[in-house]
There are 2 protein chains.
Amino acid sequence: MNDDPSADISSYRDVKADILRRITEGHWAPGTLLPGEVELAESFGVARATVNRAMRELTDEGLLERRRKAGTRVRPMPLRSARFEIPLVRAEIEATGAVYRYALLSRDARQAPDWLRARLGLAKGARALHLACLHSADGAPYQFEDRWISLTALPAAEEADFAASGPNEWLVKAVPYSEVEISFLATAADPRIAGYLSMDPGEPVFTAERTTWWEGRGITHVRLYFARGHRMTTRY
Amino acid sequence: MNDDPSADISSYRDVKADILRRITEGHWAPGTLLPGEVELAESFGVARATVNRAMRELTDEGLLERRRKAGTRVRPMPLRSARFEIPLVRAEIEATGAVYRYALLSRDARQAPDWLRARLGLAKGARALHLACLHSADGAPYQFEDRWISLTALPAAEEADFAASGPNEWLVKAVPYSEVEISFLATAADPRIAGYLSMDPGEPVFTAERTTWWEGRGITHVRLYFARGHRMTTRY
DNA sequence: TTGTGCTATTTGTCCGATCATATCGGCTTT
DNA sequence: AAAGCCGATATGATCGGACAAATAGCACAA
């Protein structure tokens, strides 16, 4: 057991790294009860607040479990959570160095269908804007966007010009901040989508679905269909 | 502008909530430079450290952007990041109240194929254990697991009994902690998988792929095929 | 045996002060 | 005009001290 008496640990980062090291190296196996903050602070030669921050962050990251009086222990089953960044399509494409292009395929304001009313919590007869867009990277289709915007919540959308830039970019400007639900799923390409994405009908499509509320009111619902072979990846 | 002079804000949570409120209500629009920590601390009547923590957390959550000397501003384009919890299948199923059942379909130790060697960084001729398992919820197939375990990194796996409980549960006990890459994608069900998951061949399958390293050495690679209609959802 | 209340312990949070670090902008030098 | 220097300033981190809140585990009562 190397308990590093002399290592000059001085920042919460060092403390964090050292605790992590002891866990990965197996000195502190899953389920182990760690020494208390006071004890660790002494052995590291730092203030308790510093140890606290290190442990708090490790807890946020899913590695530790803490309870008052009960102490801190290594999570028996590392409930690790993965973080996925959800950038705007434009940023996502341009980050790869490719040329981003956007096309508005259709646009039409109509009564919101029942499923959308239920999803966004709209009144009967509420109107919504329905948009279909295609985002492409270096000329190749990248993402097909099927979006609904509630005209109850955002009447200004009816006047907005979505020919030049995507509804996404308009929305982030129009809506300050919001509550979001995202799902990832696999769907079969219907003929229309297959056509736009240069795929065969019925082919599996990686699909993201996102609903946005602002102050409890449904704003927009979108389904994003990605081109063949798309992956959502993260590493930790 | 409601600047809340008298509101008795006392914890970093209150400060955080108040800043968030001003952002969502549009008082502080995206791109706005907000007051410095000292000023805010005074106006809230708390210590600077408290304001600092509130702002730091909001920054971690992707709402603010901070730079020394330049100050803090509301992220012009809210870099949304979603967190997905990646639980063990058993926990995932039992959380819904369903009865979890596990079956080992096949098991076989052989030379690692080239793609796996490349992925895990194994030497030529290295052996690996190949497992196929089925996880079900209340009798209905839930997830098909196609896993490879490097016998170079984990020779003990060859002796392990995967008949009773899944390799996942064995692995979390055997490997202290690790680096992981996860991908989500959509694949077409091949006949074998379709059979196990009660789907039609060619049907879209939501698929997760996970590779795990420990101290730089490839440990295991797994592909998880989910039953029809599976979604990975998060809300924030 | 079983339930109930107390207490010591451990984490959670806050404070106010201090030093560290990055960097914006203006000033100086070339 | 361009390049480089430097001080002012805002965030970043740490410290030591203090009090708050939760609760595990014990003592005690029914």
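Residue numbers begin at 1 in each chain, while the letters A, B, ... track the order of the sequences.
The pair B:Arg56-B:Asp60 fails the salt-bridge criterion, with no side-chain N (NZ, NE, NH1 or NH2) lying under 4.0 Å from an Asp/Glu carboxylate O. Taking a cutoff of 4.0 Å between a charged side-chain nitrogen and a carboxylate oxygen, A:Glu181 and A:Arg119 qualify as a salt bridge.
With sequence neighbours excluded, the residues satisfying salt bridge (Lys or Arg N to Asp or Glu O under 4.0 Å) with B:Glu94 are B:Arg90. Residues passing the ring pair (Phe, Tyr, Trp, His ring centres under 6.0 Å) test with A:Trp28: none are found, sequence neighbours excluded.
Here the closest heavy-atom approach between residue B:Ile93 and residue B:Ser136 is recorded as CD1-O, 3.7 Å.
In this structure, A:Thr96 and A:Tyr142 have side chains that are not in contact, with every pair of non-hydrogen atoms separated by 4.5 Å or more.
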Tabulate below the donor-acceptor pairs under 3.5 Å that side-chain atoms of residues 216-226 of chain B make, not counting sequence neighbours, or state none.
{"unit_1": "B:Thr220", "atom_1": "OG1", "unit_2": "B:Arg147", "atom_2": "NH1", "d": "3.0"}
{"unit_1": "B:Thr220", "atom_1": "OG1", "unit_2": "B:Trp148", "atom_2": "O", "d": "2.7"}
{"unit_1": "B:His221", "atom_1": "ND1", "unit_2": "B:Thr211", "atom_2": "OG1", "d": "2.8"}
{"unit_1": "B:Arg223", "atom_1": "NE", "unit_2": "B:Glu209", "atom_2": "OE1", "d": "3.4"}
{"unit_1": "B:Arg223", "atom_1": "NE", "unit_2": "B:Tyr225", "atom_2": "OH", "d": "3.4"}

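Looking only at distances, no side-chain donor or acceptor of A:Trp170 sits under 3.5 Å from a matching main-chain atom of A:Asp161. The backbone N or O of B:Leu131 sits nowhere less than 3.5 Å from a side-chain atom of B:Arg107 that would complete a donor-acceptor pair.
A:Glu169 and A:Tyr102 share no side-chain donor-acceptor pair at under 3.5 Å.
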note = Under a 4.0 Å heavy-atom criterion, the protein footprint on nucleotides 11-21 of chain D, written with B, S and -, is BBBSS--B--B
message = Dot-bracket, 5' to 3', for DNA chain D please: Watson-Crick or G-U pairs under 3.5 Å, [ ] where pairs cross earlier ones, | where the partner sits on another strand, dots elsewhere.
response = ||||||||||||||||||||||||||||||
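Once you apply a 4.0 Å limit to the heavy atoms of chain B, the touched nucleotides of DNA chain C run 5' to 3' over C:dT13 to C:dC24.
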